[in-house]
Number of protein chains: 2
Amino acid sequence: MNPATTGSPAPRQRLSRDVVLAAALDLADREGDGGLSMRTLATELGVVPMALYKHVANKDELIDGIVDLVWAQVEPPDTSDDVTHWRPAMRSRAASLRRTLRRHPWAVGLLETRMRPGPANLAQHDAMMGCLRRAGFSFRTTVHVTSVLDAYVYGFALQEQTLPFDTAEESGDVARQKLEQQPAEFAAAFPYLVEVVTELGAAGYDYDSEFATGLDLILDGVEHLRPAWSTVDAPPPAAGASR
Amino acid sequence: MNPATTGSPAPRQRLSRDVVLAAALDLADREGDGGLSMRTLATELGVVPMALYKHVANKDELIDGIVDLVWAQVEPPDTSDDVTHWRPAMRSRAASLRRTLRRHPWAVGLLETRMRPGPANLAQHDAMMGCLRRAGFSFRTTVHVTSVLDAYVYGFALQEQTLPFDTAEESGDVARQKLEQQPAEFAAAFPYLVEVVTELGAAGYDYDSEFATGLDLILDGVEHLRPAWSTVDAPPPAAGASR
DNA sequence: ACCTGAACACCGTTCAAGT
DNA sequence: ACCTGAACACCGTTCAAGT
């Protein structure tokens, strides 16, 4: 009986690179970076650890693979009207990157770390630079803009990933609780931290609006880097021309 | 013969929490995140693995400890003249944080991640918020500014940490080399990436100026968040007053 | 062509003992 | 009070075999 043609409940489907990568991504999302091991991945697939090595060279290549699966989930910037719409395009691309990193927190430190970027990673960056170049940004400025925007998203995701609360209401409780655990000297030594905790306890901390505030601040700055013709809606220069 | 009073070359000094943490920090700097293990740390200290557990509860607490040693290396903002000098103070604090992260690349993903922040971490954040509050920023704005500035530094350090070159000249070589390895379809599929590689090959990539460009862009944006009285050099409001 | 078994050199950590 | 030894339940990966 060929297992490929049988209608069994398939806890034991035929192995392939895609099946291995999909299971690895799922495991990482559930258990985090530390929970992803070749051995537990193998048992989840109903197979002995060494069976994985026929589809993936080693753990490093496995991680390369799932990182590119994550890149594939990031929505590229809308390039339908590059000249006037670069700003909303960059804004929603940054938001999509942040959402993706929130879905896969283990990937934050890995997205830019891999030595051999996968095709989805390359396509994503090409689309981003293309959007900016066609909007009239010079080559140098395009590099600056991608650098500062991505740095902000990564850094924000890093901070967001590990703060011990998920919602604005929860943040108030956590803050108040933390403060009560501290000894009395704490208030005298760190008055401004006490202020933060107190105010956050009252008003809460909203990740979404915090992210948007910083993002818009940066986009305002980017706007100033654009050449002057942009404000009068002139056509973009030929690709690769201005420098 | 008491080893504490003997003048031996001290490969085997008396163990203490500080000695363990210092050796762990050194090991992490040399071997990276993955190279820091309780077992190799023990052998470097000339001791059996279990000896460490008298000075440190477990590996997690060890990492808490060395992360706070890293925080202690970040120069806090200069608070000598908060009203007019908040910008250079923030600028050089961000630069110091980046330099520190460059010295301890393994720490980038860990500085904000620890659940129990150490004293150096708390002091650093208190100094930062204090500098901004006394410069007249409202509480909410102070939170926004620290969020966006730190996010940028973390994200930049993350990108810098893993790019495969250290100097501007080297970046050109690496870029040219990478490009030559690619198949011919590459140029057609990712024209804007090819442009980056080509231009970088010609002009090089300077981390320092790239960092400064993004930092100044953000600081320009922060300037706009300041209350209007700041430009006429009025005194700051009483701490905790404005909201 | 694909999967398995046994083995090697590693981990962090517990527990019972040594001095 | 501080360090040790042996053990347990984990890792990634190699190599020689099975089907």
Side-chain angles (χ1 to χ4, degrees), chain A residues 1-6 8 10-28 30-67 106 110 113-116, chain B residues 1-6 8 10-28 30-67 106 110 113-116:
Chain A
M1 187 177 0
N2 183 349
T5 58
T6 193
S8 70
R12 185 67 171 77
Q13 64 189 132
R14 183 147 184 77
L15 233 49
S16 74
R17 185 164 211 273
D18 287 350
V19 170
V20 170
L21 290 183
L25 178 59
D26 185 60
L27 178 56
R30 276 181 292 116
E31 306 290 342
D33 210 2
L36 173 61
S37 83
M38 300 297 277
R39 292 179 112 108
T40 67
L41 176 59
T43 53
E44 289 213 346
L45 286 166
V47 102
V48 90
M50 280 315 299
L52 303 175
Y53 286 78
K54 286 287 143 177
H55 303 96
V56 131
N58 49 35
K59 192 179 183 181
D60 222 59
E61 202 198 272
L62 179 88
I63 292 176
D64 280 343
I66 63 176
V67 163
W106 53 268
L110 265 34
T113 303
R114 304 281 87 195
M115 280 317 194
R116 275 183 283 33
Chain B
M1 190 180 357
N2 184 346
T5 58
T6 193
S8 70
R12 185 69 172 75
Q13 64 190 132
R14 184 147 183 77
L15 233 51
S16 74
R17 186 165 211 271
D18 286 349
V19 170
V20 170
L21 291 183
L25 178 58
D26 185 59
L27 178 57
R30 276 182 292 116
E31 306 290 341
D33 212 1
L36 174 62
S37 84
M38 299 298 276
R39 292 179 111 108
T40 67
L41 176 58
T43 54
E44 291 212 346
L45 286 166
V47 102
V48 90
M50 280 316 297
L52 303 175
Y53 286 79
K54 287 287 145 177
H55 304 96
V56 131
N58 49 36
K59 191 178 184 181
D60 223 58
E61 203 199 89
L62 180 88
I63 292 176
D64 280 343
I66 63 176
V67 163
W106 53 269
L110 264 33
T113 304
R114 304 282 85 195
M115 279 318 193
R116 276 185 281 36

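Reminder, nothing fancy here: chain letters follow the sequence lines and each chain counts from 1.
Comparing C:dA7, C:dG5, D:dC3 against the side chain of B:Ala51 picks out D:dC3 as the nearest. Checking D:dC3, C:dT4, C:dT13 against the side-chain heavy atoms of B:Lys54 singles out D:dC3 as nearest. Closest approach to the A:Met50 side chain among D:dT13, C:dC11, D:dC3 is made by D:dT13 (side chain taken as heavy atoms from C-beta onward). Across D:dT13, C:dC2, D:dG5, the shortest atom-to-atom separation from the side chain of A:Arg14 is found for C:dC2. When each of D:dC11, C:dC2, D:dT4 is scored by its nearest atom to the side-chain atoms of A:Ser37, the top-ranked nucleotide is D:dC11.
The distance between atom CG of B:Asp33 and atom P of C:dC11, rounded to the nearest whole Å, is 14 Å. If you take OH of A:Tyr53 and P of D:dA16, they are 17 Å apart, rounded to a whole angstrom. As a whole-Å value, the separation of B:Leu36 CG from C:dG12 P is 8 Å. To the nearest angstrom, P of C:dT4 lies 14 Å from CE of A:Met38. One atom, CZ of B:Arg39, and another, P of D:dT4, lie 14 Å apart when rounded to the nearest Å.
Contacts of residues 55-66 of chain B with DNA chain C (heavy atom under 4.0 Å): B:Asn58, B:Lys59.
In this structure, A:Val56 and A:Glu61 approach most closely via the heavy-atom pair CA-OE2, 3.8 Å. Taking every heavy atom of both residues into account, B:Ile66 and B:Ala28 meet most closely at CD1-CB, 4.4 Å. Nearest heavy atom pair, residue B:Leu21 against residue B:Leu62, reads CD2-O, 3.7 Å. Scanning all heavy atoms of the two residues, the minimum distance from B:Arg17 to B:His55 falls at NE-O, 3.5 Å. Of all non-hydrogen atoms in B:Tyr53 and B:Asn58, the two that sit nearest each other are CE2-CA, 4.0 Å. Annotation for A:Pro49 and A:Ala42: closest pair CA-CB, 3.4 Å, computed over non-hydrogen atoms.
Within the 4.5 Å cutoff, no side-chain heavy atoms of A:Thr43 are placed close to those of A:Arg39.
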Here DNA chain C, pairs taken as Watson-Crick or G-U under 3.5 Å and shown with ( ), [ ] when crossing and | when to another strand, reads ||.|||||...|||||.||

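No side-chain donor-acceptor contact under 3.5 Å links B:Asp33 to the backbone of B:Leu36. A distance-only check finds no donor-acceptor pair linking the side chain of A:Asp64 to the backbone of A:Val67 [under 3.5 Å].
Residue contacts for B:Ser16: at a heavy-atom cut-off of 4.0 Å it reaches no nucleic acid atom on any strand shown.
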